[in-house]
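Just so it is clear: chains get the letters A, B, ... in the order the sequence lines come, proteins before strands, and each one is counted from 1. Predicted, not measured: the structure shown is a model, and the values here were computed from it.
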There are 2 protein chains.
Amino acid sequence: MAEPSSSKSHSFQAPKGTRDMYPADLLKRRFIEKMWRDTAIRHGFEEIDGPTFEHLELYTVKSGEGIVSELFSFRREGGEKDYALRPEFTPTLARMYAAKAGGLPKPTKWFWQQNCFRAEKPQRGRLREFGQWNVDVIGGEGEPEAQARVDAEVISCAIAAFALLGLGPADVQIRIGSRELASAALLRAGVVPERLPEALVLLDKADRMDPVVHQKACADIGFDIIAYRGEAGKIEDGFDLRTSVVEQPVGSVQPDAYDFRGMSALRSELHALGAAPWCRLDLSIARGLAYYTGMVFEVHEAGGKERAIAGGGRYDKLIEMFGGPPTPAVGFGMGDVVLSLVLEDRGLMPQGQALLDKLSEPPASLRPDVFVISNGQPESDAAVRPLVARLRRGGHGGRGGRGEAGEPRSGENRVPPLHARHSYKATKNIGKLLQEASAVHARFAAIIENASEATLKNLGSQEQEKVRVEDIGSRVASSLR
Amino acid sequence: MAEPSSSKSHSFQAPKGTRDMYPADLLKRRFIEKMWRDTAIRHGFEEIDGPTFEHLELYTVKSGEGIVSELFSFRREGGEKDYALRPEFTPTLARMYAAKAGGLPKPTKWFWQQNCFRAEKPQRGRLREFGQWNVDVIGGEGEPEAQARVDAEVISCAIAAFALLGLGPADVQIRIGSRELASAALLRAGVVPERLPEALVLLDKADRMDPVVHQKACADIGFDIIAYRGEAGKIEDGFDLRTSVVEQPVGSVQPDAYDFRGMSALRSELHALGAAPWCRLDLSIARGLAYYTGMVFEVHEAGGKERAIAGGGRYDKLIEMFGGPPTPAVGFGMGDVVLSLVLEDRGLMPQGQALLDKLSEPPASLRPDVFVISNGQPESDAAVRPLVARLRRGGHGGRGGRGEAGEPRSGENRVPPLHARHSYKATKNIGKLLQEASAVHARFAAIIENASEATLKNLGSQEQEKVRVEDIGSRVASSLR
């Protein structure tokens, strides 16, 4: 249908690529937002917000002038400065963190959910205004093992949201890449070091550019993508994130060309948190944004349909670029547009009375339901994060969702997802850790005594009892009811 | 402190008049938003949303080119059309209603809460980006009595939000004006008919313009504001909204110069809904926006401090201007900036654990808790709206809040606010009304038998019982627990 030509009727339509949301449309969006918000809160993230528009420089300083054509930028009448609607939240987050870095917790765990804006051509799965959920951990230790723990926590948070929405590993896949491993493989495939940044961008765009144009662009910088895919495929075949926590041989690649320490640590942690069945190594994932520095990931519909549902990774240099101290950071953004398509396609979007009931349920408690503490023994230390991940995800051990074999499905001992936290401090002093739990207004503290036993303490009444570690969730949930 | 001069450090600050909201700041804003949202839902409003920016024409068609300097407007690179960040939501609402008018309920009850943007100079109570809550009833009958019922419902919704926030008639005042009464008084004070629109704008700006400039502008159009205030004062003295439901003499004004039918109907209805103690007639209220047509109101801190907390009124011509059918409409907008100042000033903003607990409470149910139906007798008809208003406000009869004498304050029979609805249809067929209740997924229907008795029907189990009208709230609340 041709667009009406009078300027009058033009003004009575929503701008191209934006949405008028009538009540039935908006309820569905609020459903997704509630699942996002509840998940972030249960994982111990605190919500922040910033301006809808920023100084244009906030975006160009990081991404160069090239980004301007993708932005809605403007200047106030008579004003001197250019502004732009936020195309993403990360620059605002980095600015806000840098401004107060000294006074913020280490690590700082923030989430954000509002709209972003891109001046690109609208198409299926991509609009000019869209909802986005950001989850970030900023600060903390820099060792590969410590970073892997935080990376896995962030990935596990994304997985918990999918599980809450009814999606499982048969529906969505977390494709994990690594800028370091990809760079090493690019060098082995003949890319010269100076061309690495461009090669990473072209790698990211491989599926979205016209193949002929892409091939030409690769050839121009001496990037033999066939050779790269061969090398990357060998690594991916030899390093399966799903099957084992034990280091595997990485097949036929030249082992000293690669440093697998970070990826091995991430694999162990993903297994410990019950996240591994959702994940696979995919060195075609490079992420387009220039600020990523290490682990990167994208979430895709398992059949490869649709654009990415979410994307994220490490950006260890960004806070410094905005005037803050050197600060490791990791996070992801998830949009509402593709996610809605996937949920509708699978019949997972509630309708009618079920949708009204779902949206009327109590939100995740902002007070932690339970704060998990180790008694200091290595066995107990190792149990803390897996337990916390399971409690946050609820259900039967935290691997919920459809399409996974071997999970009991009886509703009897189904535990609701809980707001669970643990300390990031190095101290093993139980008194100090209990103080930390009280300071964040937690209702219970669970002190892990060994792999199977714990002491559960009501921080209000100060009563305590011995419980089995596996029963902590149901004990806490029934006390809160 | 002087602003740093390098353009680099400029880019690392939030744009002037916008807010960086760290977790503690955002929790307070979420508290206000939750109270707004819960109140709107309990009053039977459904949430909508639209684009953050619109075609610039959407704003100029209604307000003229003069508004452009107050807007953040822009054009996409290479694009042909101008856009602007929304300075308010009403034009979007009118556009959305006009586009689907034929298929929407009569009346349509919508609420909206997001951010708006004004390119004005930031000052206390006014920012360039701010949160706003809009509540609107669009469509319905055009008779003054029918309009007064809807006007009172909208005002009562604003009052319920204040009560929920802990504010009472001693804290905030609803100042109700009338464009018709004000226009009649302006004519009596010597303004010629052609100058009425300008005189109304100057009336609205009286407290915000430089007095000398204002006086000059009034003189230029022959507007003797002293004479107007004298005439308006006589009307206000003779027509007290708070003290009586019986028509009072309007003092010394020439009675046939004014049509008090609409204002009398509004007064009766405000009394019936328990809203009258919060209200007073104030003919200095004119509202600046050109689209208002009848009753207008502003909410002010009772001591006259701060800018207006909320403002609204009737805009019966606006839907037509956007291509829809002639449609009466009434609504208000409430901002978060001044409201936050008032709450903080009175110590009503919860802190620490209390704030976390408040935000973790269940939201208002999207399914109506109770749908109130008359058995068709005039006595029962008259009881419906007062009962619904009381149920929506909860507490001890719906006049909650501080500073009001004579209200019992024991917590024993305190009823929580409920989501209550009634039909706007003319039918007296109880079967049809019960069908309407079921169609919106109400949990209970309350059929009013006479001023004191009702039949309460559980629409799930179909069980029913006789109850006293005054006990409906507590019966429904205890069943839902």
Side-chain angles (χ1 to χ4, degrees), chain A residues 7-15 18-23 26-27 29-30 46-55 57-58 61 68-69 72-77 81 83 85 92 95-96 98-100 110 115 117 119 129 322-323 352-353 356-357 359-367 441, chain B residues 7-15 18-23 26-27 29-30 46-55 57-58 61 68-69 72-74 76-78 81 83 85 92 95-96 98-100 110 115 117 119 129 322-323 352-353 356-357 359-367 441:
Chain A
S7 78
K8 192 168 173 205
S9 53
H10 268 293
S11 69
F12 300 148
Q13 296 175 359
T18 69
R19 289 173 286 185
D20 285 342
M21 301 194 115
Y22 291 88
L26 193 58
L27 287 176
R29 177 156 146 200
R30 293 284 178 252
E46 296 186 297
E47 191 178 10
I48 61 166
D49 197 10
T52 300
F53 60 90
E54 291 272 6
H55 293 295
E57 304 143 300
L58 192 77
V61 73
V68 174
S69 67
F72 288 107
S73 59
F74 55 96
R75 180 175 288 204
R76 192 170 64 89
E77 216 174 73
K81 289 186 217 186
Y83 300 110
L85 293 181
T92 301
R95 177 177 68 64
M96 286 176 64
K100 303 237 175 175
W110 281 344
N115 285 2
F117 308 84
E129 176 167 10
F322 287 97
Q353 185 174 307
L356 300 182
D357 282 339
L359 285 168
S360 305
E361 285 177 6
S365 169
L366 286 166
R367 291 175 61 188
H441 308 290
Chain B
S7 77
K8 191 166 176 208
S9 53
H10 268 291
S11 69
F12 300 147
Q13 296 175 1
T18 69
R19 291 173 283 186
D20 286 341
M21 302 195 114
Y22 290 86
L26 194 57
L27 287 176
R29 175 153 150 205
R30 293 284 178 251
E46 295 186 297
E47 191 177 11
I48 60 166
D49 196 11
T52 301
F53 60 91
E54 292 272 7
H55 292 294
E57 303 144 302
L58 192 78
V61 74
V68 174
S69 67
F72 288 107
S73 59
F74 55 95
R76 191 171 64 89
E77 217 175 73
K81 290 185 216 186
Y83 299 110
L85 292 182
T92 301
R95 177 176 68 64
M96 286 177 63
K100 303 237 175 175
W110 280 343
N115 285 4
F117 308 85
E129 176 168 9
F322 286 98
Q353 186 174 307
L356 299 182
D357 282 338
L359 285 169
S360 305
E361 284 177 5
S365 169
L366 286 166
R367 290 174 62 187
H441 308 291

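Residues forming a salt bridge (charged side-chain N to carboxylate O under 4.0 Å, His left out) with A/Arg19 (at least two apart in sequence, or on another chain): A/Asp336. Evaluation of the ring pair (Phe, Tyr, Trp, His ring centres under 6.0 Å) rule for B/Phe72 yields A/Phe53, A/Phe74 as partners, not counting sequence neighbours.
Annotation: side chain of B/Glu47 is not in contact with side chain of B/Trp110 (no heavy-atom distance under 4.5 Å). At least one side-chain heavy atom of B/Pro363 sits less than 4.5 Å from a side-chain heavy atom of A/Pro363. In this structure the side chain of A/Tyr83 never reaches within 4.5 angstrom of the side chain of A/Glu54, judged on heavy atoms. With a 4.5 Å cut-off on side-chain heavy atoms, A/Glu361 and B/Pro362 do not count as touching.
Of the atoms belonging to B/Glu129, it is side-chain heavy atoms, and not backbone ones, that fall under 4.5 Å from chain A. Within the 4.5 angstrom heavy-atom criterion, atoms from both the backbone and the side chain of A/Tyr22 approach chain B. Both the backbone and the side chain of B/Ile48 come within contact range of chain A, judged by heavy atoms closer than 4.5 Å. Contact of A/Ala98 with chain B is not made at all, since no heavy-atom distance falls under 4.5 Å.
Taking chain B as the reference chain and counting heavy-atom pairs below 4.5 Å, the highest number among A/Arg29, A/Arg75, A/Glu46, A/Lys100 is found for A/Lys100. Contact count against chain A (heavy-atom pairs under 4.5 Å) is highest for B/Thr52 among B/Thr92, B/Thr52, B/Thr18, B/Leu85. Counting heavy-atom pairs closer than 4.5 Å to chain A, the top-ranked of the candidates B/Asn115, B/Leu27, B/Asp357 is B/Asp357.
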